[in-house]
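Single-structure report; data block below.
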Number of protein chains: 2
Amino acid sequence: MKNEIAEILKRSQLSVTGSRTKILELFQEANGALAHADIEKRTDDSYDRVTIYRTLQTFVEKGIIHTIPTADNSVRYALCKDECSTGHHHDNHVHFICDDCGTTYCLDNITVPEITLPKGFTQKRADVIVSGICKNCE
Amino acid sequence: MKNEIAEILKRSQLSVTGSRTKILELFQEANGALAHADIEKRTDDSYDRVTIYRTLQTFVEKGIIHTIPTADNSVRYALCKDECSTGHHHDNHVHFICDDCGTTYCLDNITVPEITLPKGFTQKRADVIVSGICKNCE
DNA sequence: AATCACATGCAACAATGTTGCAAATAATTT
DNA sequence: AAATTATTTGCAACATTGTTGCATGTGATT
């Protein structure tokens, strides 16, 4: 719903614009993560490359999306679930990247196991990146 | 030791050259991970940028170093411990990235917890990226 | 020492990301 | 509803990062 998207933007004190609405829509449709290039393709060059970069940056800052670490140098973004934005939890994520089709899944229902760090280290965030073959490619 | 480094290279069927020796040395000195840019700096532009790219690629292929997933778009590399090259284990790594100084630590002594994936997903590799404040910056 | 295979450097290119600024659009005020 | 203000966008220019082909140089092999 357009209205829902507008609400999300306003809640983060962002102006409701065409590009932001469209990009948020894309994230809601995609049930995986998106890279900058994906967004460029799926918007048919309606928006400037720079605008997309800035929109993604803004969304990350506002906690609407989060980045997913990858072993190659391709940054991917995914929608944050509610817990992300409320901040009432450690920023923990489990992601699965398919070696075959490249799709990135957010496994939100899986909790990140506790990790005991050496003395002197303080944990702020933990990401688990599992790679292998996904359910569509097996 | 130069000899030890030469041994590592020969074992992987690689010619022993200046750049490879130097870059391997850097990894042994650094007790963290290195990015391409770090290596460029620490070699004082003695080697071409392309050579460094290719050397890193080769090292990854031969299992001498491995990449570390990061949330920003900076690929980092770290030396593989013996288990990496022998291949007798899952490719699992726990890394710690300091938000303050940016140093990346390989926490080899910490084991990656088992993660139960949804049906249809097959795990090949798992990386845990913990970020926060390291022992030097606390 | 000569040959062969491989590694390197250079040049050129491609992709990705950043910054400043003027024009356009959204939000706010009157 | 129009005018003002604040914010966002697009363009241009640039910076960084990574890739490829090819001639030259160096390490390995005989």
Please work out which of the three classes, parallel, tilted or perpendicular, describes the rings of B:His36 and B:Tyr53, given edges at 30° and 60°. parallel

Under 4.0 angstrom, heavy atoms only, what part of the nucleic acid is A:Thr58 near: base, sugar-phosphate, or nothing? nothing

Give the rounded distance in Å between these two atoms: CZ of A:Arg54 and P of C:dC21. 13 Å

Please give, in whole Å, the distance from D:dT17 C1' to B:Arg76 CZ? 15 Å

Would you say A:Gln13 reaches C:dA27's phosphate, i.e. side-chain N/O to OP1/OP2 under 4.0 Å? no

D:dG18 base / B:Arg49 side chain donor-acceptor hit below 3.5 Å: yes

Is any side-chain N or O of A:Gln57 closer than 4.0 Å to OP1 or OP2 of C:dT18? yes

For the residue pair A:His93 and A:His66, does the interplanar ring angle fall in the parallel (under 30°), tilted (30 to 60°) or perpendicular (over 60°) class? parallel

What's the CD-P distance between B:Glu40 and D:dT17, to the nearest Å? 8 Å

Tell me the interatomic distance from A:Ile52, atom CD1, to D:dC11, atom C1', rounded to whole angstroms. 15 Å

Assign each of B:Gly18 and B:Val50 the nucleotide of DNA chain D bearing its closest heavy atom; nearer the 5' end lies the nucleotide of B:Val50

N/O (side chain, B:Ser15) to phosphate O (OP1/OP2, C:dC6) under 4.0 Å: no

Spacing of OG1 belonging to A:Thr17 relative to CD1 belonging to A:Ile23, to within rounding of 0.5 Å: 8.0 Å

Can you measure from CD1 (B:Ile52) to OG (B:Ser46) and round to the nearest 0.5 angstrom? 8.5 Å

Please give, in whole Å, the distance from D:dT17 P to B:His36 NE2? 9 Å

For B:Asp48 and D:dG25, give me the distance from atom CG to atom P, rounded to whole Å. 15 Å

For A:Gln13, does the CD atom sit with more than 12 other heavy atoms under 6.0 Å from it, leaving out its own atoms? no

Does B:Ser19 place a side-chain N or O at less than 4.0 Å from the phosphate oxygens OP1/OP2 of C:dT8? yes

Tell me what B:Ser74 touches on the nucleic acid: a base, only sugar-phosphate, or nothing, going by heavy atoms under 4.0 Å. nothing

Separation of C:dA15 C1' from A:Asp45 CG (nearest whole Å): 15 Å

Check whether any side-chain nitrogen or oxygen of B:Arg20 sits under 4.0 Å from OP1 or OP2 of C:dA7, and answer yes or no. yes

Between P of C:dA26 and NZ of A:Lys22, the distance in whole Å: 17 Å

Please determine if a side-chain N or O atom of A:Thr17 lies less than 4.0 Å away from the OP1 or OP2 oxygen of D:dT9. yes

